[in-house]
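The next block holds one structure in the form of structure tokens; read it before the comments.
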Amino acid sequence: MESDKQNFFERVYEVVHQIPRGRVTTYGAIAAFLGSKGSSRLVGWAMNQSHNACPGIPAHRVVNRLGILTGKHHFGSPSMMQQLLENENIRIENDRVVDFRKKFWDPARTL
DNA sequence: AGTCTGACTAGTA
DNA sequence: CTACTAGCCAGAC
């Protein structure tokens, strides 16, 4: 009885907020870490709401499973997300994270 | 109640 | 690489 969906969103913010600088993660990884592997879309939705629910969340560190900046259009400017990542020593090429596998940060692995 | 959309993912062709 | 389908869940109409 304590499966509040609200908890899901709060956990997403918590996990994203704990992403170390210079690292990135995926929606599926967060969703799987929270116990809902198929709800990767919810993570994206949580990010969309994060702007209002939890400002300060490094949503630019969250990309899709291929390391593509799918949500770049939600940062006000389509180049803002890439700029933020490049500011953290993360190289972006063609809207994709270079060496994504190396920069990938697994919440279940650190937490 | 239903229907559509969306910052996803896996599978198939 | 693209295009489509199915599953997933929340929100807006």
Side-chain angles (χ1 to χ4, degrees):
Chain A
M1 313 226 209
E2 292 163 71
S3 43
D4 294 342
K5 312 168 238 168
Q6 219 167 21
N7 203 322
F8 185 90
F9 277 59
E10 281 191 23
R11 285 183 194 208
V12 173
Y13 303 140
E14 198 175 333
V15 172
V16 175
H17 188 67
Q18 287 173 74
I19 299 176
R21 184 177 174 279
R23 298 272 187 203
V24 291
T25 191
T26 71
Y27 304 96
I30 297 172
F33 175 69
L34 298 179
S36 300
K37 194 182 177 173
S39 55
S40 27
R41 280 180 142 158
L42 279 305
V43 180
W45 190 249
M47 295 290 92
N48 192 6
Q49 301 296 295
S50 76
H51 221 286
N52 184 44
C54 220
I57 290 291
H60 60 271
R61 292 182 184 150
V62 186
V63 295
N64 77 344
R65 73 175 183 92
L66 299 176
I68 301 175
L69 284 52
T70 46
K72 62 179 184 180
H73 290 292
H74 294 256
F75 280 81
S77 250
S79 55
M80 184 171 168
M81 187 175 185
Q82 177 174 338
Q83 215 143 49
L84 287 168
L85 289 170
E86 290 187 316
N87 192 32
E88 303 195 350
N89 289 307
I90 298 177
R91 285 204 305 176
I92 306 298
E93 183 114 346
N94 196 12
D95 294 337
R96 247 183 291 181
V97 177
V98 180
D99 293 324
F100 168 65
R101 203 172 134 120
K102 276 200 220 168
K103 313 270 188 193
F104 178 67
W105 175 80
D106 188 349
R109 203 184 204 177
T110 304
L111 306 180

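Note on naming: letters A, B, ... go to the chains in the order of the sequence lines (proteins, then strands), and numbering restarts at 1 for each one. Because the structure is a prediction, the values reported are computed rather than measured. Atoms considered below: every heavy atom in the structure, side chains included; atoms not considered: hydrogens, waters and symmetry mates.
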Completion exercise
Paired to dT2(C) by Watson-Crick or G-U wobble criteria (both distances under 3.5 Å) is dA13(B)
Handout entry: Backbone N/O of Ile19(A) and side chain of Arg61(A): donor-acceptor pair under 3.5 Å
Key = yes
Handout entry: Residue whose nearest DNA chain B nucleotide is more 5′ - Lys37(A) or Lys72(A)
Key = Lys72(A)
Completion exercise
Asp95(A) atom CG is separated from dC1(C) atom P, nearest whole Å, by 12 Å
Practice task
Please report the C-alpha distance between Arg65(A) and Phe100(A) in whole Å, then the side-chain angles of each, then the deciding distance to 0.1 Å, and finally whether the side-chain contact (heavy atoms from CB on, under 4.5 Å) criterion is met.
Solution key: CA-CA 9 Å; Arg65(A) 73 175 183 92; Phe100(A) 168 65; 5.9 Å; no
Exercise for the section: Please check if the side chain of Arg91(A) supplies one atom and the backbone of Leu85(A) the other of a donor-acceptor pair under 3.5 Å. Expected result: no
Completion exercise
Between CG of Leu42(A) and P of dA7(B) the distance, given in whole Å, is 14 Å
Exercise for the section: Would you confirm whether Thr25(A), through its side chain, and Trp105(A), through its main-chain N or O, come within 3.5 Å as a donor-acceptor pair? Expected result: yes
Problem - Residue whose closest nucleotide on DNA chain C lies nearer the 5' end, Gly38(A) versus Trp45(A) - result: Gly38(A)
Practice task
Using a heavy-atom cut-off of under 4.0 Å over every strand shown, decide if Asn64(A) touches base, sugar-phosphate, or nothing.
Solution key: sugar-phosphate
Completion exercise
note: Asn52(A), atom CG; dA12(C), atom P; distance rounded to Å ~ 11 Å
Practice task
Give one of base, sugar-phosphate or nothing for Arg96(A), where a contact means two heavy atoms less than 4.0 Å apart.
Solution key: sugar-phosphate
Fill in the blank from the handout: Rounded to whole Å, CG of Leu66(A) lies from P of dG11(B) at a distance of 13 Å
Completion exercise
The Watson-Crick or G-U wobble partner of dA1(B), with both key distances under 3.5 Å, is none
Practice task
Would you please confirm or rule out a distance under 4.0 Å between OP1 or OP2 of dC8(C) and any side-chain N or O of Ser40(A)?
Solution key: no
Completion exercise
Regarding the side chain of Phe9(A), the nearest nucleotide among dC8(B), dA10(C), dC9(C) is dA10(C)
Practice task
Using whole Å, report how far CZ of Phe8(A) lies from P of dG11(C).
Solution key: 12 Å
Practice task
Write down the distance between NE2 (His51(A)) and C1' (dA7(B)), rounded to a whole number of angstrom.
Solution key: 12 Å
Exercise for the section: Give one of base, sugar-phosphate or nothing for Ala31(A), where a contact means two heavy atoms less than 4.0 Å apart. Expected result: nothing
Handout entry: Spacing between Phe104(A) atom CZ and dT9(B) atom P, to the nearest angstrom
Key = 10 Å
Practice task
Following the transitive rule for hydrophobic clusters with a side-chain heavy-atom cut-off under 4.5 Å over Ile, Leu, Val, Met, Phe, Trp and Tyr, establish whether Val63(A) and Phe75(A) coincide in one cluster.
Solution key: yes
Problem - Distance in angstrom units between Arg41(A) CZ and dG11(C) C1', rounded - result: 13 Å
